[in-house]
Amino acid sequence: MKVHVINTYEDFLEIKNAWNNLLKRSLHPFVFLTHEWMDAWWRAFRSENKLFIILVYDKNELIAIAPFMFNQGPYTVIGKTNTTLNANKIEFIANVHSNRADLILSDKPEQACDVIVSCLLNEYGETWDLLNLEYFYDDSPAKKHFLASLKKKDISCKQYFQMSTPYIPITNCWDDYIKNLQPRFKRGLNSRFKKLEENGPVKLISYKDSSELDKALDDVFTIAAKSWKAREGTALSSTPLLKSFYRDLAYTAAREAWLELYILYAGNTPVVFDFCLLYENTLYDLKTEFDETYHEFGVGNTLKWMQFDAVFKRNITEFDFLGPSMTWKRIWAKENERKHVIVCAFNKSYKGQLLQSIFSIKDFAKKLFKLTTHG
């Protein structure tokens, strides 16, 4: 096996076809690992990061990709005091807008991970202190192989819970599914729907291609500007960078036939949207926001009801809510949740060992606090 490292954007663009072909046959394919997503993400959020993508070839066949980047600068070691340490970190090409990250492995995953770890330690051992891999799906088969390879090289690792994400496995028909929803919830939804209709006919439109996308995105940004997320600075319309990213992503997704942009209208007024991506029969709920003026009408759940009524009749096997677990998501998903973790691995450099010591002290302090507060 041989390794090639990509550290320029031009080289990254050239590998698009090989990248996506590998992903299709990988252990755990999902939309946030596609070349198109990575490209859109990098152009929006790269900041001062540097590409560090490790490719593994078996003879001339690409069998593994580690979609990493270098993040060099202050690392917050104690949040409440904003205590930082300058460190060289290797991270996934991902952030809160991705919600999910992983290695791309196909044939010979154990050997491929061994090669990736050897590359990290031998060729690039002096360039990093900490592997800080967020949004790792806990049951990822790639994670299991990667951690085993780190253990072989005696690299210390820690795992931290990050979030649990609700999802709906679509295994039955819509009528059977809604029988399991709480009667009180369904009655309330029906009552609020009737009140919403007083503002005009309620209709849900799904935008999938680029023909009407300009208008649809204008409606999306109008809703976002009136949502509670706008106050927190996390709405799609909060910054020019976010607007540009989601506009670019919408057109990319439309071109790839991934886009499912749902907008609920009361009369002619857009009141709530759901920005989804369809990939490999899974519908990913990337972003949803509603106009706070219509909060009393429960427009978010109204959209979901109308959306699922259509989705359950199609060849879709799962609806993934993404993001952390919330009450409104659990109403629909019940107990179905996936755990995500942060994997931290410490190099044997001075700063790497210092960070490992700091992490161990913090872990001990948390355990001690639990013991003293809970008996």
Side-chain angles (χ1 to χ4, degrees), residues 6-16 19-20 30-53 67-71 73 91-101 134-135 205-264 270-279 283-292 303 320 322-323:
I6 288 178
N7 50 36
T8 69
Y9 180 64
E10 291 73 22
D11 286 344
F12 166 70
L13 291 179
E14 288 182 3
I15 200 173
K16 176 181 177 180
W19 181 302
N20 285 335
F30 51 86
V31 72
F32 303 110
L33 290 178
T34 63
H35 191 279
E36 291 83 0
W37 173 273
M38 293 282 182
D39 185 22
W41 189 98
W42 185 255
R43 284 185 278 111
F45 302 117
R46 65 182 181 275
S47 185
E48 299 301 318
N49 297 316
K50 298 178 181 178
L51 289 173
F52 180 57
I53 301 170
F68 294 154
M69 63 183 180
F70 276 121
N71 183 332
E91 300 177 334
F92 279 131
I93 301 173
N95 64 0
V96 67
H97 297 280
S98 308
N99 293 283
R100 195 75 48 81
E134 297 192 55
Y135 305 103
I205 298 179
S206 174
Y207 298 91
K208 298 182 180 182
D209 57 50
S210 58
S211 60
E212 296 182 290
L213 203 46
D214 277 342
K215 178 190 179 301
L217 288 171
D218 286 343
D219 289 343
V220 162
F221 295 134
T222 297
I223 296 168
K226 298 176 181 179
S227 72
W228 63 265
K229 293 181 182 180
R231 296 197 307 271
E232 295 191 354
T234 61
L236 298 193
S237 59
S238 292
T239 68
L241 186 149
L242 286 176
K243 289 183 71 172
S244 176
F245 170 68
Y246 281 100
R247 184 178 292 277
D248 181 22
L249 179 64
Y251 277 96
T252 298
R255 185 177 65 246
E256 299 297 326
W258 299 343
L259 182 65
E260 303 237 345
L261 179 56
Y262 298 85
I263 303 179
L264 186 74
V271 296
V272 58
F273 74 83
D274 204 4
F275 192 133
C276 296
L277 298 177
L278 178 64
Y279 184 80
L283 193 58
Y284 296 92
D285 194 358
L286 190 61
K287 200 80 168 175
T288 183
E289 299 175 25
F290 64 90
D291 181 342
E292 276 197 295
L303 182 150
D320 191 333
L322 299 176

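No hydrogens, no waters, no symmetry mates; every other heavy atom, side chains included, goes into these values. Heads up: numbering here begins at 1 and tracks the sequence.
Taking the six-membered ring wherever Trp is involved, the centroid distance between the rings of Phe92 and Tyr135 does not fall below 6.0 Å. Here Phe32 and Tyr284 bring their ring centres to under 6.0 angstrom of each other.
For the residue pair Ala253 and Leu277, the shortest heavy atom distance occurs at CB-CD2, 3.6 Å. Taking all atoms of both residues into account, the shortest heavy-atom contact from Asp291 to Ile223 is N-CG2, 3.6 Å. Contact detail for Ser227 and Ala224: the closest heavy-atom pair is OG-O, 2.8 Å. For the residue pair Trp37 and Val31, the shortest heavy atom distance occurs at CB-O, 3.5 Å. Closest of all the heavy-atom pairs between Thr234 and Glu289 is O-OE2, 4.2 Å.
No more than 12 heavy atoms of other residues, nucleotides or ligands sit less than 6.0 Å from atom CD of Glu48. Counting heavy atoms of neighbouring residues, nucleotides and ligands inside a 6.0 Å radius, atom CD of Glu212 does not exceed 12 of them.
Between the CE atom of Met38 and the CG atom of Leu13 there is a distance of 13.5 Å, given to the nearest 0.5 Å. Atom-to-atom distance recorded for Tyr279:OH and Glu260:CD is 15.5 Å, nearest 0.5 angstrom. Taken from CZ in Arg43 to CG in Asp39, the straight-line distance is 4.0 Å, to the nearest 0.5 Å. In this structure, the separation between CG on Leu51 and CD1 on Ile93 is 5.5 Å, given to the nearest 0.5 Å.
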| task | Test Tyr207 against Ile205 for side-chain contact (heavy atoms from CB on, under 4.5 Å), laying out the working first. | result | CA-CA 6 Å; Tyr207 298 91; Ile205 298 179; 3.5 Å; yes

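The shortest side-chain heavy-atom distance between Leu249 and Phe275 falls under the 4.5 Å cut-off. No side-chain heavy atom of Asp219 sits under 4.5 Å from any side-chain heavy atom of Phe273.
Lys16 has a carboxylate O that lies under 4.0 Å from a charged side-chain N of Glu36, or vice versa, which qualifies the two as a salt bridge.
Side-chain atoms of Ser210 do not come within 3.5 Å of backbone N or O of Leu213 as any donor-acceptor pair. Here the side chain of Ser244 pairs no donor or acceptor atom with the backbone of Leu241 at under 3.5 angstrom. Side-chain N or O atoms of Asn99 include one that pairs as donor or acceptor with a backbone N or O of Gly323 at under 3.5 Å.
Using cut-offs of 30° and 60° on the angle between ring planes, the pair His35 and Phe12 is parallel.
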